[in-house]
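Along the sequence shown, residues carry numbers from 1. All ligand and atom numbering here is 1-based and tracks the order in the structure.
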Amino acid sequence: MTKHIFVTGGVVSSLGKGLTSASIGMLLERRGLSVRMQKLDPYINVDPGTMSPYQHGEVYVLDDGSETDLDLGHYERFTNSPLTRDANYTTGQIYLSVIEKERRGEFLGKTVQVIPHITNEIKSVIHKLAADDVDVVITEIGGTVGDIESQPFLEAIRQFSLDVGKENCLYIHLTLVPYLKAAAELKTKPTQHSVGQLREIGIQPDVLICRCERSISREDREKIGLFCNVPLEAVIEEKDKDFSIYEVPLSLVDHGLDELIVKKLQLPTETLDLDIWRDILHRLRNPEHEISIAVVGKYAEHVDAYKSIYEAVDHAGMHHHAQIRIGRIHSEEIEREGPERILSGYDGILIPGGFGERGIEGKVEAIRFAREREIPFFGICLGMQCAVIEYGRSVVKLEDAHSTEFDKDTPHPVICLLDEQKKITHKGGTMRLGTQPCTLDETSRSAICYGREDISERHRHRYEFNNVYRQQFTAHGMLFAGLSPDEGLVEIVELPEHPWFVAVQFHPEFKSKPTAAQPLFAGFVGAAIERRSKKTGAAQEVEAT
Ligand code: GLN
């Protein structure tokens, strides 16, 4: 029988429920259990793919092409839980499905209500993940307890334990225990209130995970336990980690969380094996190189907008024992000030994906700078399209070359909509989404990085390289290093004459893990390290003479 863990959050949003849920999943897997992860989001949007990165951070894309919440990125980085579209549901999707059933007459004219119709629908999406080979399903409820929007979800998970048996469910509530400077003490009242709200709707949390800036004394844990009706050993501290998010699971182990969960759910497990995880942290703490990478984008001030990119760069750093300083650069700043002052100190330049015209010329200038100064360059999706535009204009001499996304009347549409995409109408309009195969040129840098010629990576874009220009670009030195198996689509371009210039139409960042850096990210960071050591070597030589 599959066991269920529900993770809710209280007091404030942004407590890191996603990270905590992912950490729990990882710890259970490291005990030999098979885990499935899922997030239920209370917002009404049906399609997370259309939400602003300003409000919701990046759109995370799964193998099957589902566009989901960025917390699913944490799930994939921490666990091996296979994620499909069933791993993320919003209120909008739940209601849409119920309304569609009503329109088809499936409710036989009965009054359709939040309880039981909406709550049944929610329970059915949770049940979908349970299977014979699944030991634990971890369902994270987005939002904060007390929000109007999350009520049907909380009601559904309350009912869930009635349906499958109390002994098969575990409720974990994440709260905040703030430190008040003026009083010089930690405050437990917000936790008491949020657990109070949960109990009002009939959920008694089994475990409290308390986010805090400072350690919580035994006395305070006892107080929380008493007021919230939770035994002392189930009041778990989760102190802020300034060093790395990958410390979170280890600290939860130190506070006994994994032991508690397997005991409460009576899960027969192997002993916890955290060697790989400890190795990651060892690498992070003992770097052998220090480099800096500029990520030139449109949402530089917003950390979550390029979440998976930053994580993938860090993973490549762990792979090479390198500490990486990431410069988050606004491409519009480059338009205003030129690339020299802003970019010359960096060992590598990365342009991530994106939509819309703002800041495009700054990205193009950054790429020209990287190409001319022989700085390792990695372009991703829009980053590849900008690399093609730049090369088209500067080297192939196609005046005003552009993407038709930004200039419909460009004389040289080097990036455009291909007919195949125009035909696709499902999900996200004309978007090409999800995992697609790609064949690599055996002489390419990409083939060296991957160590093989057949790869597959995730996509999320509409526009493509315009094949009309392929020959001209090849004649001017660009290598089409990766193509779709039918050779119809350009997936990777490279400049063989450059120390490391690779740009890809897909999103490799979605497949990177701390325990297995994505090969192209590893190659890029490796090239940046090489450049840095040559530079320091040259500087030392000058000093010695
Ligand atoms: N806007 C571009 C396109 O639609 C690139 C998309 C992206 O970078 N994800 O093709």
Kindly tell me which protein residues have any non-hydrogen atom under 4.0 angstrom away from an atom of ligand 1, grouped by chain and ordered by number?
Gly353, Gly354, Phe355, Cys381, Leu382, Gln385, Glu405, Arg460, His461, Arg462, Tyr463, His507
Salt bridge (Lys or Arg N to Asp or Glu O under 4.0 Å) filter on Glu247, not counting sequence neighbours, yields Arg285
Show your reasoning for whether side-chain hydrogen bond (donor to acceptor under 3.5 Å, both in side chains) applies to Tyr391 and His476.
CA-CA 9 Å; Tyr391 207 71; His476 284 85; over 6 Å; no
May I have the list of side-chain donor-acceptor pairs in residues 318-327 shorter than 3.5 Å, sequence neighbours left out?
from   : atom 1 : to     : atom 2 : distance (Å)
His320 : NE2    : Ala522 : O      : 2.7
His321 : NE2    : Arg283 : NH1    : 3.4

All pairs passing ring-ring contact (aromatic ring centres under 6.0 Å, His included) where residues 491-526 contributes a residue, at least two apart
Tyr60-Phe510, Phe377-Phe501, Phe378-Trp500, Phe378-Phe521, Phe378-Phe524, His459-Phe506, His498-Phe501, Trp500-Phe524, His507-Phe510
Testing the basics here: between Val134 and Leu129, what is the closest heavy-atom pair and its distance to 0.1 Å?
CG2-O, 3.8 Å
Looking at Phe355, does the NZ or CZ of Arg358 lie under 6.0 angstrom from its six-membered ring centre and within 45 degrees of the ring axis?
no
